[in-house]
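Okay, structure first, notes after.
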Amino acid sequence: MKFFMSHYKKLGDSDLLISEVTLGTMTFGEQNTEKEAHDMLSYSFDQGINILDTAEIIILATKVAGYSERSTFLRDNAKVVRVDAANIKGSVEKSLKRLSTDYIDLLQIHWPDRYVALFGEYSYNPTKWRPGVPFEDQLKAFQELIDEGKVRYIGVSNETSYGVMEFVHAAKTQGLPKIVSIQNSYSLIVRCRFEVDLVEVCHPNNCNVGLLAYSPLAGGVLTGKYLDANAEISKRSRLNLFPGYMARCNASLAKQATNGYVKLAKKHGLTPVQLALGFVRDRPFTASSIIGATTMDQLKENLDAFTSAPRPLPQEVLDGIEDLFKRYKDPAIL
């Protein structure tokens with residue numbers, strides 16, 4: 001049954017109709033086999049999922065890396081990776097070759113070229129300011145790729161209100177392509193960065209930019225599997241296999257908050273996955289939730305959460321979520 005075909009949403013002001021679930025591929029090639037990955041792709045598409053998220057299908061979304069002095073391996077003979085014309089074009093050509101496709105439906109800037117507070121760093125540090133590639137120049141490079149038929153639409157990721165508005169303003173005043181999506185982290189324990197002002201900026205009546213919410217389970221933390229550090233499933237999962245990866249989501253306060261959400265789910269006859277994914281699913285500004293999985297069982301549980309959790313979640317559940325939010329806010333802030 002292709003359940004997700006009846007729950008497609010328009011992405012920003014593009015003509016892309018996307019499923020409310022996006023299949024993430026971050027674990028592919030490291031935590032599962034090629035066959036397992038193929039099986040999960042086939043199962044997802046059979047359920048009506050039509051957007052696949054990759055990084056540096058069927059709507060194909062991929063990304064060009066932002067400023068980095070460490071990821072120079074992504075480019076040939078580079079000392080630093082930037083979001084300039086040469087880097088953007090080089091990234092796209094390599095993505096097209098790796099993905100064996102003629103064009104990309106949605107190309108997003110993975111993180112900004114300029115300095116921004118990222119990955120748990122909450123406050124902007126003025127001393128880290130650096131000159132960035134002008135927004136207009138970035139859009140001009142994307143325009144060339146669109147004109148060549150290699151990219152259909154563009155978006156941003158890990159972006160701020162300032163960045164979204166600058167991109168939209170440059171597009172409007174210079175007649176350049178407008179961003180249609182923003183791929184930012186959003187979950188029960190990572191809410192403030194988006195809710196404070198990006199919700200207003202991205203509203204359909206304002207900039208009209210759709211949210212592709214990544215890590216709606218906070219890297220698997222909100223399943224509750226990391227609450228028992230000695231559990232076998234915990235030992236075999238990403239946060240323990242790759243020390244330091246998203247550690248902020250599994251810190252002491254985050255664990256307390258997660259424990260609260262797990263108990264809330266149980267109180268209302270829901271699984272932790274249903275609560276976490278149902279919450280992100282029902283937010284009016286969410287275009288699609290990006291979910292990943294290491295095994296077919298995980299994938300089925302995640303997809304089932306969208307079909308089996310009450311739609312929308314009952315008010316008493318939402319009240320419980322807000323009570324916990326008032327207590328813990330965003331516990332994953334560094």
How about [atom1] on [X], more than 12 heavy atoms from neighbouring residues, nucleotides or ligands closer than 6.0 Å, or not?
X	atom1	value
H169	NE2	no
Y103	OH	no
K267	NZ	no
Q174	CD	yes

Check: [X] side chain, [Y] main-chain N or O, donor-acceptor pair, under 3.5 Å:
X	Y	answer
Y43	K300	no
K63	T54	yes
N206	E200	yes
T286	R281	no

Check this for me: does any side-chain nitrogen of one of [X] and [Y] sit under 4.0 Å from a carboxylate oxygen of the other?
X	Y	value
R327	D323	no
K150	E93	yes
E159	R193	no

Worksheet item: Under 30°, 30 to 60°, or over 60°: which ring-plane class applies to F285 and F194, parallel, tilted or perpendicular?
Response: tilted

Practice prompt. Would you sort out whether D319 and Q315 count as a side-chain hydrogen bond (donor to acceptor under 3.5 Å, both in side chains), showing the intermediate values?
Written response: CA-CA 6 Å; D319 291 342; Q315 189 58 51; 2.9 Å; yes

Worksheet item: Taking the hydrophobic residues Ile, Leu, Val, Met, Phe, Trp and Tyr, and joining any pair whose side-chain heavy atoms are under 4.5 Å apart, which ones share a cluster with V196?
Response: none

Practice prompt. Evaluate the criterion salt bridge (charged side-chain N to carboxylate O under 4.0 Å, His left out) for residue pair K89 and E148; output intermediate values, then yes/no.
Written response: CA-CA 11 Å; K89 293 176 182 178; E148 293 171 1; 5.5 Å; no

Discussion item. Let's go through N50 and I18 carefully: what are the C-alpha distance in whole Å and the side-chain angles of both, what is the deciding distance for side chain to side chain contact (heavy atoms under 4.5 Å, CB included) to 0.1 Å, and is it a yes or a no?
Written reply: CA-CA 6 Å; N50 74 336; I18 64 172; 4.2 Å; yes

